[in-house]
Amino acid sequence: MTLAVGGGLIVAGAVVALVHAAMSSVQDSIALPPRSEAPYSEPYEGAPYEEEPYEEDPYAEEPGATEPDARKDVTITACTRDPQIGWQSAKVKVVNGSSTTASYTIMMEFLDEDGAKVAEGGAGVVDLEPGGSAVKKAQGLGEVPPGTTCRISDVWRTPSD
């Protein structure tokens, strides 16, 4: 029995030594790197950076955006609310009133009975010949209340190359 207890103590001591050695090697591998030898520099005290003023307004609308004659090219032919999902859509008819082939981007607003915007949508027509027409659906995103109306908010007409 003495031999069994002595053997158990030797095994326990060996396990403790192994755990200590393992922890020591892990500690060395996760130690912080040595401190940088780079010289310290004082914060920059020069004059503050001043941006040059723009010659043009950076927020100006792109050419052709909401031109009065481009807006005349688009009419709403239907404004409906899907009874199952409650999303509003508008059918728009685009007639190219310009003398060149053009592409159109039409943005819609959907307004509740009080005139507040409750959703937006859009439609596009690509490469419409002069005098040509197209009918597109501008689908709104999101549920709107019954009685919602449709309004064209922006029209972009871009000449096609």
Side-chain angles (χ1 to χ4, degrees), residues 19 22-23 25-161:
V19 168
M23 293 298 289
S25 73
V26 168
Q27 184 179 4
D28 289 344
S29 70
I30 62 170
L32 294 174
R35 187 174 176 133
S36 171
E37 298 300 319
Y40 173 77
S41 65
E42 293 294 324
Y44 180 70
E45 295 291 332
Y49 173 75
E50 292 185 25
E51 191 171 308
E52 294 293 320
Y54 287 107
E55 290 183 23
E56 297 178 13
D57 181 3
Y59 301 105
E61 292 188 19
E62 54 189 82
T66 316
E67 300 170 20
D69 57 332
R71 188 178 285 269
K72 290 179 188 176
D73 291 354
V74 182
T75 54
I76 299 171
T77 60
C79 183
T80 56
R81 179 178 180 269
D82 185 301
Q84 293 179 340
I85 63 171
W87 288 25
Q88 194 80 10
S89 66
K91 272 193 180 170
V92 292
K93 181 176 182 180
V94 182
V95 179
N96 185 350
S98 73
S99 59
T100 61
T101 300
S103 296
Y104 288 81
T105 301
I106 302 103
M107 298 304 299
M108 302 294 300
E109 292 179 336
F110 301 105
L111 311 172
D112 67 10
E113 291 177 334
D114 297 326
K117 182 169 60 171
V118 291
E120 296 178 305
V125 177
V126 178
D127 296 335
L128 190 60
E129 296 291 325
S133 67
V135 175
K136 294 290 181 173
K137 181 178 182 181
Q139 180 64 56
L141 301 175
E143 189 173 350
V144 298
T148 297
T149 58
C150 303
R151 176 174 71 189
I152 298 169
S153 58
D154 282 312
V155 176
W156 289 271
R157 178 176 63 205
T158 309
S160 301
D161 293 327

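Summarising the geometry of Q139 relative to Q88, their closest heavy-atom pair is NE2-O, 3.3 Å, with the distance given to 0.1 Å. For M107 against W156, the heavy-atom pair with the smallest separation is CG-CZ3, 3.2 Å. Considering all non-hydrogen atoms of both residues, C150 and S89 come closest at SG-O, 3.8 Å. Across D73 and S98, no two heavy atoms sit closer than the pair OD2-N, 4.4 Å. Among all heavy-atom pairs drawn from K136 and V125, the shortest one is CG-CG2, 3.6 Å. Annotation for G131 and V95: closest pair O-CG1, 4.2 Å, computed over non-hydrogen atoms.
Remark: T100 engages no residue in a side-chain hydrogen bond (donor to acceptor under 3.5 Å, both in side chains) (not counting sequence neighbours). Among residues two or more places apart in sequence or in another chain, the side chain to side chain contact (heavy atoms under 4.5 Å, CB included) test is passed with V135 by K91, K93.
The only option from T105, N96, D69 that meets the side-chain hydrogen bond (donor to acceptor under 3.5 Å, both in side chains) definition with R157 turns out to be D69.
Within the 4.5 Å cutoff, the side chain of D127 has heavy atoms near those of the S103 side chain. Residues R71 and I152 are in side-chain contact: their nearest non-hydrogen atoms beyond the backbone lie under 4.5 Å apart.
Interatomic distance, E143 CD to D82 CG, rounded to the nearest 0.5 Å: 10.0 Å.
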Next item on the list: Test side-chain contact (heavy atoms from CB on, under 4.5 Å) on I106 and V94 and set out the steps.
Entry: CA-CA 9 Å; I106 302 103; V94 182; 3.8 Å; yes
Sequence neighbours left out, cut at 3.5 Å: what donor-acceptor pairs do the side chains of residues 108-119 make with other protein atoms?
from: E109; atom 1: OE1; to: R151; atom 2: NE; distance (Å): 3.1
from: E109; atom 1: OE1; to: R151; atom 2: NH2; distance (Å): 2.4
from: D112; atom 1: OD1; to: D114; atom 2: N; distance (Å): 3.0
from: D112; atom 1: OD1; to: G115; atom 2: N; distance (Å): 3.1
from: D112; atom 1: OD1; to: A116; atom 2: N; distance (Å): 2.9
from: K117; atom 1: NZ; to: E120; atom 2: OE2; distance (Å): 3.1

